[in-house]
There are 2 protein chains.
Amino acid sequence: MDRRQLKTRSAIFQAFNKLLEKKHFNNITVQEILDEANVGRSTFYAHFETKDALLRELCTDIFDHIFSQELHSESSHDFSSSNHGLKEKITHLLYHMKDNKGNVQGVLSGESGELFMRYFKEYLMKMFEQYPQSIRQDIPREFALNHLVGSLAEAVKWWIADRMEMPPEELADCYLKLIGYDS
Amino acid sequence: MDRRQLKTRSAIFQAFNKLLEKKHFNNITVQEILDEANVGRSTFYAHFETKDALLRELCTDIFDHIFSQELHSESSHDFSSSNHGLKEKITHLLYHMKDNKGNVQGVLSGESGELFMRYFKEYLMKMFEQYPQSIRQDIPREFALNHLVGSLAEAVKWWIADRMEMPPEELADCYLKLIGYDS
DNA sequence: TTGATAATGCACAAAGTGTTCGATATAATC
DNA sequence: GATTATATCGAACACTTTGTGCATTATCAA
């Protein structure tokens, strides 16, 4: 990929992210992104079809990076502990998010959090699908899976809104306790 | 309130709801609402400041109605069962949602589900704040509360997307089991 | 250096927004 | 039923935003 393209692309992402920290996605205009990124109008549309496409690509970029290890590491199926390595995976995930705090803060926190959740849960779903059902066998798997994913997404959102003050290990512990996966 | 006002107000709500079933909030124009509701442009702006205000008022209308009993009934503090009447409250809530299926479907299901969640969770939070901490005392109350509210909201959203096929009692049971509130 | 291509800036049509105002229709009151 | 109040209509308006087109300039890869 051309250096010029990479440069503008990252400038747009950065500007967009910065704006997302301050205001809601709906109230951000393309013009504002252009001004913030110092990029021409036609250049923007050469890269992204719409504002929605921009959000989609930003989320894909971020989550592909953050989840890369979690989704492909084989160390996940460690049956020595009862949670099958799930705690380790979640902890890693949280550390990666903390490392990429600058890149994710705008998307995750702020008024547009709901938009990010849609994408975030897609990735979490992929992660959880590898795991066996939790302790409760008397509940439809589809329902339980939805619960696990939704709860973790909510927990992470809460954690970020709280400025990531709780240590990742502690958050993972709390979460696993609440979903009954820790015994 | 003037009959004419009630008429247009409900016409706008109905039209908006219908549109929300098909497309995302962001992509719905005021003009479309006007056409669908058969209402003049100036009339719309006499009722609602913006499209966001319309959404807010619609959610307030719906949830005020659905939660009215849950939030004010004194029967909630029945300590005969371990869950302190929580199951009954949730069951009632789900029945009310089912009764108002026509009014809520557009807002709840479809592409704009995230928008509804924000308001829904506000009401759920009020409902849960009356209740004591769950079994786990080793978790920050703020975190646990967020978990309870978030999980229920996700469960209900899943239930609606699944066309409310699971009986309310069963959903309440599953949920209470998953959050460890049933023992 | 040279050919390719990305970015720029400007102009443009099209769509959407929110407001104004006189005319009309409909409700509430006597 | 006549009167008064007011909600709605509809058309016009200025304004913002959007997405596209195109000639010009700058930058990259070889």
Side-chain angles (χ1 to χ4, degrees), chain A residues 1-61 103 106-107 110-112 114-116 118, chain B residues 1-61 106-107 110-112 114-115 118:
Chain A
M1 202 181 197
D2 200 309
R3 285 182 218 163
R4 290 172 292 182
Q5 292 190 60
L6 289 171
K7 203 176 156 190
T8 49
R9 193 180 163 87
S10 102
I12 290 174
F13 277 162
Q14 211 174 323
F16 187 44
N17 212 54
K18 188 173 176 182
L19 290 169
L20 279 169
E21 288 180 32
K22 295 180 208 159
K23 49 200 300 190
H24 193 281
F25 174 81
N26 293 349
N27 302 324
I28 297 172
T29 64
V30 175
Q31 190 59 54
E32 284 177 296
I33 303 172
L34 268 38
D35 294 341
E36 182 69 41
N38 245 308
V39 157
R41 182 162 204 75
S42 31
T43 308
F44 176 89
Y45 284 107
H47 281 265
F48 306 99
E49 264 189 33
T50 62
K51 220 174 60 181
D52 289 86
L54 170 60
L55 178 69
R56 185 171 1 99
E57 293 203 32
L58 177 62
C59 286
T60 304
D61 259 36
N103 295 326
V107 199
E111 302 176 81
S112 312
E114 316 95 27
L115 292 172
F116 127 82
R118 197 190 312 160
Chain B
M1 205 179 194
D2 200 309
R3 288 181 216 162
R4 289 170 292 181
Q5 291 190 59
L6 289 171
K7 202 175 158 192
T8 48
R9 193 180 163 87
S10 102
I12 290 173
F13 276 161
Q14 211 175 322
F16 187 44
N17 212 54
K18 187 173 177 183
L19 290 169
L20 279 170
E21 287 179 33
K22 296 179 207 158
K23 48 202 298 190
H24 193 282
F25 173 81
N26 293 349
N27 301 326
I28 296 173
T29 66
V30 175
Q31 191 59 54
E32 285 177 296
I33 302 172
L34 267 37
D35 294 341
E36 181 69 42
N38 245 305
V39 155
R41 184 162 201 75
S42 38
T43 307
F44 177 89
Y45 284 107
H47 281 264
F48 307 99
E49 265 190 34
T50 62
K51 218 175 61 181
D52 289 86
L54 170 60
L55 177 70
R56 186 172 359 101
E57 293 202 32
L58 178 61
C59 287
T60 304
D61 260 35
V107 199
E111 301 176 82
S112 312
E114 319 94 28
L115 293 172
R118 194 191 313 160

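So you know, we letter chains A, B, ... as the sequences are listed, proteins then strands, and number each from 1.
- Atom CD of E57(A) sits in a crowded spot, with more than 12 heavy atoms from other residues, nucleotides or ligands closer than 6.0 Å.
- In this structure, A11(B) and A37(B) approach most closely via the heavy-atom pair O-CB, 3.5 Å.
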message: Please evaluate residues Q31(B) and D35(B) with respect to the criterion side chain to side chain donor-acceptor pair (under 3.5 Å), reporting the C-alpha separation (whole Å), side-chain torsions for both, the decisive distance (0.1 Å), and the verdict.
response: CA-CA 6 Å; Q31(B) 191 59 54; D35(B) 294 341; 3.2 Å; yes
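- Here F16(A) pairs with nothing under the ring-ring contact (aromatic ring centres under 6.0 Å, His included) rule; sequence neighbours left out.
- By the salt bridge (Lys or Arg N to Asp or Glu O under 4.0 Å) test, R4(A) is found to be paired with D2(A), residues two or more places apart in sequence or in another chain being considered.
- Note on H47(B): a side-chain N or O is less than 4.0 Å away from OP1 or OP2 of dT8(D).
- Residues passing the ring-ring contact (aromatic ring centres under 6.0 Å, His included) test with F13(A), sequence neighbours excluded: F48(A).
- Considering every non-hydrogen atom in both K22(B) and E111(B), the closest pair reads O-OE2, 3.5 Å.
- A distance-only check finds a donor-acceptor pair linking the side chain of S112(B) to the backbone of F25(B) [under 3.5 Å].
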Look for any protein N or O under 3.5 Å of an N or O in nucleotides 16-19 of chain D and output each such pair with its distance, or none.
| unit_1 | atom_1 | unit_2 | atom_2 | d |
| --- | --- | --- | --- | --- |
| dT18(D) | OP2 | V30(A) | N | 3.2 |
| dG19(D) | OP2 | Y45(A) | OH | 2.8 |
| dG19(D) | N7 | R41(A) | NE | 3.0 |
| dG19(D) | N7 | R41(A) | NH2 | 3.4 |

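- Here N103(A) contributes atom CG and L58(A) contributes atom CG; the two are 8.5 Å apart, rounded to the nearest 0.5 Å.
- Comparing the start and finish of the helix from dT1(C)-dA30(D) to dC30(C)-dG1(D), five pairs each, the helix axis swings through 40°, to the nearest 10 degrees.
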task: Check step by step if side chain to side chain contact (heavy atoms under 4.5 Å, CB included) holds for R118(A) and L55(A).
output: CA-CA 11 Å; R118(A) 197 190 312 160; L55(A) 178 69; over 6 Å; no
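- Between I33(A) and L54(A), some side-chain heavy-atom pair lies under the 4.5 Å cut-off.
- Sorted by first and then second residue, the salt bridge (charged side-chain N to carboxylate O under 4.0 Å, His left out) pairs involving residues 36-54 of chain B (not counting sequence neighbours) are K18(B)-E36(B).
- Applying a 4.0 Å cut-off to non-hydrogen atoms, the residues of residues 32-39 of chain A that approach DNA chain C are N38(A), V39(A), listed by residue number.
- Here the straight-line distance linking atom CG of L19(A) with atom OG1 of T29(A) works out to 8.5 Å at 0.5 Å rounding.
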Do any N or O atoms of the protein come closer than 3.5 Å to N or O atoms of nucleotides 22-28 of chain D, and which pairs are they?
| unit_1 | atom_1 | unit_2 | atom_2 | d |
| --- | --- | --- | --- | --- |
| dT27(D) | O2 | R4(A) | NH1 | 2.7 |

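- V107(B) and C59(B) make their closest contact through CG1-SG, 4.0 Å (heavy atoms, listed as atom of the first residue, atom of the second, distance).
- For the segment residues 17-25 of chain A, no residue has any heavy atom less than 4.0 angstrom from an atom of DNA chain C.
- Of all nucleotides in DNA chain C, those with any atom nearer than 4.0 Å to a heavy atom of chain A start and finish, going 5' to 3', at dT5(C) to dG9(C).
- Under the salt bridge (Lys or Arg N to Asp or Glu O under 4.0 Å) criterion, R56(B) pairs with no residue at all, not counting sequence neighbours.
- Atom CE in M1(B) sits about 14 Å away from atom P in dT6(D), given to the nearest Å.
- E32(B) is linked by a salt bridge (Lys or Arg N to Asp or Glu O under 4.0 Å) to K23(B), counting only residues two or more places apart in sequence or in another chain.
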